[in-house]
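A short worksheet on the structure shown next.
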Amino acid sequence: MKKTILILLTTYFSFNLNAQNLFPVKLENCKADKFCLDCGDTKTTFKEKEFEKLQERLNESLNLKGISGTVKFQVLVDSKGKGCVLSHNDKSNSPISLKAIEELNNFNKWLPAITKNKKEEKVSITLLFTVKDDIISGKIERVDIDAFKMSFDKPNSPEIFNKNYTYKNENIKNYKMTVWNTKNSKLTDNSLDNISFDKDGVLWLIVDNGVQLFNGSEFSNLEANNTNTKVKESYFAIGVDNNNTKWFDGLQSIYSYNKIWNKHDINEIGIDGAYDIINNSKTDELFFCSDKGLTIFSNGKWKTINKEIVKELPSNRVYFAKKDSKNRIWIGTFNGSTMIDENGKATSFENTSTVLKGKCITSMDEDENGNIYFSLYEFGDKNAGQVNRDEGIAICYADGTFKQFTTANSGMPFNHTNCVLYDKAEKVLWISTDRAGLVRYDLNNNWENYHNENSEIPTSYISKMTFDRNGNLYLATRQGLVKIERK
């Protein structure tokens, strides 16, 4: 379930994807949590005669005279045989594509994928429609998983959309950067998204949908989950609570691990998955962000905040949530962001004129003065198909005022950001992007941009970031794990 929300963002390229769009034009009508990419012992397909009827309807309703070309659609097919178009590659949104989307969304004659005699919950397939000789026809285009993975197991050249700012990068010489990958360590996969330090200083990583540990010099594999021996579990989100218990979002369950594995009953906790798991150490509360709202675990008890309880919540699909030093809860949903103050009063930013209107908060950090930093995701169709959208970062200053920083008004190299972290030692803000690498902002109008063409960082795609107990910065990237420390 992730944000992984954007153009090939937060992807788990082994066999599972999280809320991932394969094509640039993304649609908002699908419930896209976790799904696998054209997986299954028996692949997803359709009932031939029913699909022929779909093609006949398209040919009867569309004027295709003199038209030729192709368009690809990413379709999610669930275990009940229902489909939903998640993305496509027709940036012009032609009437042909719009009609095909309408037909595909109404088509319920899919045959679900099956693995070990069990239907897959949700599978992403690609449909290729071709217009030739005044006729439109469609077929499934199968995915070569190994080729797909290999296509991403390489450095991404940085895409710098800001052409007005000159990056001097004067501080890059002050950092030592160390990279661990599959070639120089026992890391089992280079594509990393979720990492978290425990109370003992051990780094936990979601790797190839499994779990690895890193003690600062060596990687090791976590013992197998023995709570469900019928399936090989895969993991996506990870969090560590104040008791040093590790929590995981699995395929259809929430798990915890503290020397032994525990599987948590959905009837007890109310959720079977999470986009993110965030620990609020000062209040000893663990936040689980899911399609059911914000679920909070505290003092051994579970409770959920959703639209039934807080009407100002724009959606139950909560992507991110965290408490600040004033005990306010900041919540980012796929339909807007909300803040619940220390007295329980909620404010939906969709009803304000602040820079958070139209945005989902995707990460957050706070400095010692009470200034709060956000990474943003722009939801909706306002700038559909545009790569460098109206996102960037935002700051809520201690006096309550907001300011947004983008490529248009700052040194941001690219507007889509994955994570923000405030560095208390250096008093700078670190920002990760999925196209332009790492950003260092000194909060005084000086911006620096580090990537694989000017530093040891191996790629321009950086997902989560975290600090170790010594203040060293760790990056989860598409080309391994990176440690940045001051010389």
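When a residue number appears, it is its place in the shown sequence, counting from 1. Here the structure is a predicted model, which is why all the values come from computation and not from measurement.
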Ignoring hydrogens and angles, state whether a donor on the side chain of [X] or [Y] is under 3.5 Å from an acceptor on the partner side chain.
X: His88; Y: Asn93; result: yes
X: Ser191; Y: Asp189; result: no
X: Asp90; Y: Ser92; result: yes
X: Asp200; Y: Asn244; result: yes
X: Ser325; Y: Glu366; result: yes
X: Asn388; Y: Thr407; result: yes
X: Asn335; Y: Glu350; result: no
X: Asn243; Y: Asn258; result: no
X: Tyr255; Y: Asp249; result: no
X: Thr304; Y: Thr295; result: yes
X: Glu368; Y: Tyr422; result: yes
X: His264; Y: Ser253; result: no

Do the rings of [X] and [Y] sit parallel, tilted or perpendicular, given the 30° and 60° boundaries?
X: Phe288; Y: Trp302; answer: tilted
X: Trp180; Y: Phe219; answer: perpendicular
X: Phe374; Y: Phe402; answer: parallel
X: Phe405; Y: Tyr441; answer: tilted

[X]/[Y] ion pair, N-O < 4.0 Å:
X: Arg389; Y: Glu378; value: yes
X: Arg317; Y: Asp291; value: yes
X: Asp272; Y: Lys263; value: no
X: Arg142; Y: Asp38; value: yes
X: Lys345; Y: Glu312; value: no
X: Glu456; Y: Lys176; value: no
X: Glu285; Y: Lys323; value: yes

Test Tyr167 against Arg440 for side-chain hydrogen bond (donor to acceptor under 3.5 Å, both in side chains), laying out the working first. CA-CA 11 Å; Tyr167 299 96; Arg440 181 187 186 274; over 6 Å; no
Heavy-atom donor-acceptor pair, [X] side chain to [Y] backbone, under 3.5 Å:
X: Thr417; Y: Gly392; result: yes
X: Asn89; Y: Lys72; result: yes
X: Ser363; Y: Val420; result: yes
X: Thr362; Y: Ser375; result: yes
X: Asn418; Y: Lys464; result: no
X: Gln74; Y: Val85; result: no
X: Asn171; Y: Asn174; result: no

What do the steps show when you test Asp390 against Lys359 for salt bridge (Lys or Arg N to Asp or Glu O under 4.0 Å), and what is the final call? CA-CA 9 Å; Asp390 182 22; Lys359 310 295 193 300; 3.3 Å; yes
Hey, do the aromatic rings of Phe248 and Trp261 have their centres closer than 6.0 Å? yes
Can you confirm if the aromatic rings of Tyr257 and Trp247 lie within a centre distance of less than 6.0 Å? no
Just wondering, do Leu86 and Val75 contact through their side chains at under 4.5 Å, heavy atoms?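 No, side chains not in contact.
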